[in-house]
Amino acid sequence: SEYLDMMKDDKNVELLRTLKVYLENNMNFSVTAEKMYVHINTIRKRIDKLDRMLQIDWNSYIYRLKIEILLQFLEL
């Protein structure tokens, strides 16, 4: 439900797209930046902001997998 609420704001949609690409690229900042055509620091800032908003447990593979599957269904 947190993710659906975030979809209401265009800025948050871009954050979720960033998260999706970041997870698809094995949490690699530089590859994510290349794929999204933005600077690596932009990706770092977006991921930090998402971390503050969603309290993501980056150490839990299962949690990251759940997020990745959810993001696939949100059609970003």
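Expressed to the nearest 0.5 Å, how far OG1 of T18 lies from CG of L50 amounts to 7.0 Å. Atom CG of residue L16 and atom CG of residue L19 lie 6.5 Å apart, to the nearest 0.5 angstrom.
A search for salt bridge (charged side-chain N to carboxylate O under 4.0 Å, His left out) contacts involving E68 returns nothing, not counting sequence neighbours. Checked against side-chain contact (heavy atoms from CB on, under 4.5 Å), K49 has the following partners two or more places apart in sequence or in another chain: L15, R52, M53. Among residues two or more places apart in sequence or in another chain, the side chain to side chain donor-acceptor pair (under 3.5 Å) test is passed with E24 by Q72. Remark: R64 pairs with no residue by the salt bridge (charged side-chain N to carboxylate O under 4.0 Å, His left out) rule, at least two apart or across chains.
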Anything under 3.5 Å between a donor and an acceptor, one on a side chain of residues 26-33, the other on a protein residue two or more places apart or in another chain? List them.
{"from": "N28", "atom 1": "OD1", "to": "S30", "atom 2": "N", "distance (Å)": "3.0"}
{"from": "N28", "atom 1": "OD1", "to": "S30", "atom 2": "OG", "distance (Å)": "2.8"}
{"from": "N28", "atom 1": "OD1", "to": "V31", "atom 2": "N", "distance (Å)": "3.0"}
{"from": "T32", "atom 1": "OG1", "to": "N28", "atom 2": "O", "distance (Å)": "2.7"}

Review item, side-chain donor-acceptor pairs of residues 37-44, under 3.5 Å, at least two apart:
{"from": "H39", "atom 1": "ND1", "to": "N41", "atom 2": "N", "distance (Å)": "3.0"}

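Using a 4.0 Å cut-off between charged nitrogen and carboxylate oxygen, E14 and R17 count as a salt-bridge pair.
Applying the ring-ring contact (aromatic ring centres under 6.0 Å, His included) test to every pair with at least one member in residues 40-63, sequence neighbours left out, gives these pairs: Y22-W58.
Listed for the N25 side chain is a donor-acceptor partner under 3.5 Å among the backbone atoms of V21.
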